[in-house]
Amino acid sequence: STLFPYTTLFRSQAAKVGPLYGRAFRAMALSLDDYLQPASQRVEALRPFIEELRQAVAQPSPVFHYDDLFTLAFAGYLAQRAGDTALAQMVADDVAPRIRDAGYVNLDNMLAALQANIDCAAGKPKEAIAHLERLRNGTELYLTHATLAEAYASDSRIDDALRELRWLTEHRGRAYL
């Protein structure tokens, strides 16, 4: 991430606390790059991060496994936003069997947001909407609503997209990784 000159220093300090914090900081910085960097640079930065997470998930830590799954799905979401749908699909294929039936709402929501973005990129916003609408019950991620707004807009459901955007402004305190 090239967010600011101290990113590398802060990333290494976060990693010293433990892998969870190092990966969370890296995911946060990469998510901010979504607004600051060209797509090609974002994908270039995401590839090694995704590979690191895939290795961590393949040899699950009893402490960090679900956090690693969430972060990997989030990295796939960022890859799709950067235009690399193949990388995003690879991540979705990798995490879906591990996330399904895990019983964690945040994992379900992150997987749905990832799959919805892939569906929208494939010209299937109705499928994206179906993935996300079923999760609206008060426990969903802020990102679920942001992705749903984009899916509604892709499906030309402007009133529904505006409703989600209003929800986002009214609940902006729920924005978290």
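For clarity, every value in this text was computed on a predicted model and none was experimentally measured.
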Between Arg23 and Met28, does a side-chain contact (heavy atoms from CB on, under 4.5 Å) hold up when you go through it step by step? CA-CA 9 Å; Arg23 291 178 185 135; Met28 177 198 62; over 6 Å; no

Could you check whether atom CD of Glu44 has more than 12 heavy atoms from other residues, nucleotides or ligands sitting under 6.0 Å from it? no

Would a 4.5 Å heavy-atom cut-off, applied to side chains only, mark Leu143 and Asn109 as touching? no

Thr147 and Tyr77: CA distance, side-chain angles, deciding distance, side-chain contact (heavy atoms from CB on, under 4.5 Å) verdict: CA-CA 10 Å; Thr147 307; Tyr77 169 87; 3.7 Å; yes

Under 3.5 Å, is there a donor-acceptor pair linking the side chains of Gln89 and Asp93? yes

Is there a side-chain contact between Met110 and Asn106 in this structure, where contact means two heavy atoms from C-beta onward sitting under 4.5 Å apart? no

Heavy-atom nearest pair, Val91 first then Leu114, reads CG1-CD2, 4.1 Å

Check whether any side-chain heavy atom of Ile99 lies under 4.5 Å from a side-chain heavy atom of Tyr104, and answer yes or no. no

Single-linkage hydrophobic cluster, 4.5 Å side-chain cutoff, Leu162 and Leu148 together: no

Start with the C-alpha gap between Arg157 and Glu133, add the side-chain angles, then the distance that decides, and say whether salt bridge (charged side-chain N to carboxylate O under 4.0 Å, His left out) holds. CA-CA 14 Å; Arg157 292 174 56 180; Glu133 280 185 334; 3.7 Å; yes

Got a donor-acceptor contact below 3.5 angstrom from the Arg172 side chain to the Thr169 backbone? yes

Please tell me if the side chains of Glu127 and Gln115 come closer than 4.5 Å, counting only heavy atoms from C-beta onward. no

Test salt bridge (charged side-chain N to carboxylate O under 4.0 Å, His left out) on Asp84 and Arg47 and set out the steps. CA-CA 10 Å; Asp84 195 333; Arg47 284 186 184 283; 2.5 Å; yes

Spacing of Ile50 atom CD1 and Gln55 atom CD [to the nearest 0.5 Å]: 12.5 Å

Taking every heavy atom of Asp108 against every heavy atom of Leu135, the minimum-distance pair comes out as O-CD1, 4.0 Å

Closest heavy-atom pair, Ala112 versus His131, reported as atoms and distance to 0.1 Å, is CB-O, 3.8 Å

Strictly below 4.0 Å, N to O, side chains only: are Arg81 and Asp34 in salt-bridge contact? yes

Please determine whether residues Tyr66 and Leu53 belong to a single hydrophobic cluster, defined as Ile, Leu, Val, Met, Phe, Trp and Tyr linked transitively by side-chain heavy-atom distances below 4.5 Å. yes

Would you say Pro60 and Asp68 make side-chain contact, with heavy atoms under 4.5 Å? no

Should Ile158 and Leu132 be regarded as members of a common hydrophobic cluster, given that ILVMFWY residues are connected when their side-chain heavy atoms come within less than 4.5 Å of each other, either directly or indirectly? no

Which heavy atom of Cys120 sits nearest a heavy atom of Pro125, and at what distance? SG-CA, 4.0 Å

Shortest non-hydrogen contact between Ala58 and Arg98, atoms and distance: CA-NH2, 4.2 Å

What about Leu78 and Val57, same hydrophobic cluster or not, with Ile/Leu/Val/Met/Phe/Trp/Tyr joined at side-chain heavy-atom distances under 4.5 Å? yes

Is there side-chain contact between Leu141 and Phe70, with heavy atoms separated by less than 4.5 Å? yes

Tightest non-hydrogen contact, residues Thr71 and Ala27, listed as CG2-CB, 3.9 Å

Residues Lys126, Asp155; criterion side-chain contact (heavy atoms from CB on, under 4.5 Å); working and verdict: CA-CA 7 Å; Lys126 287 179 184 1; Asp155 197 35; 2.9 Å; yes

Crowded around Glu170 CD? As in, over 12 foreign heavy atoms under 6.0 Å? yes

Below 4.5 Å, heavy atoms only, C-beta onward: do Glu140 and Val105 meet side chain to side chain? no

Side-chain (Arg42) to main-chain (Gln37) donor-acceptor, under 3.5 angstrom: yes

What's the spacing between Glu150 CD and Ile129 CD1 if we round to 0.5 Å? 12.0 Å

Co-membership, hydrophobic cluster, residues Phe49 and Met90, 4.5 Å side-chain: yes

Should the ring pair Trp167 and His145 be called parallel, tilted or perpendicular, given that the plane angle runs from 0 to 90° and is split at 30 and 60? parallel

If I take atom CD from residue Glu164 and atom OH from residue Tyr152, how far apart are they, to the nearest 0.5 angstrom? 5.5 Å

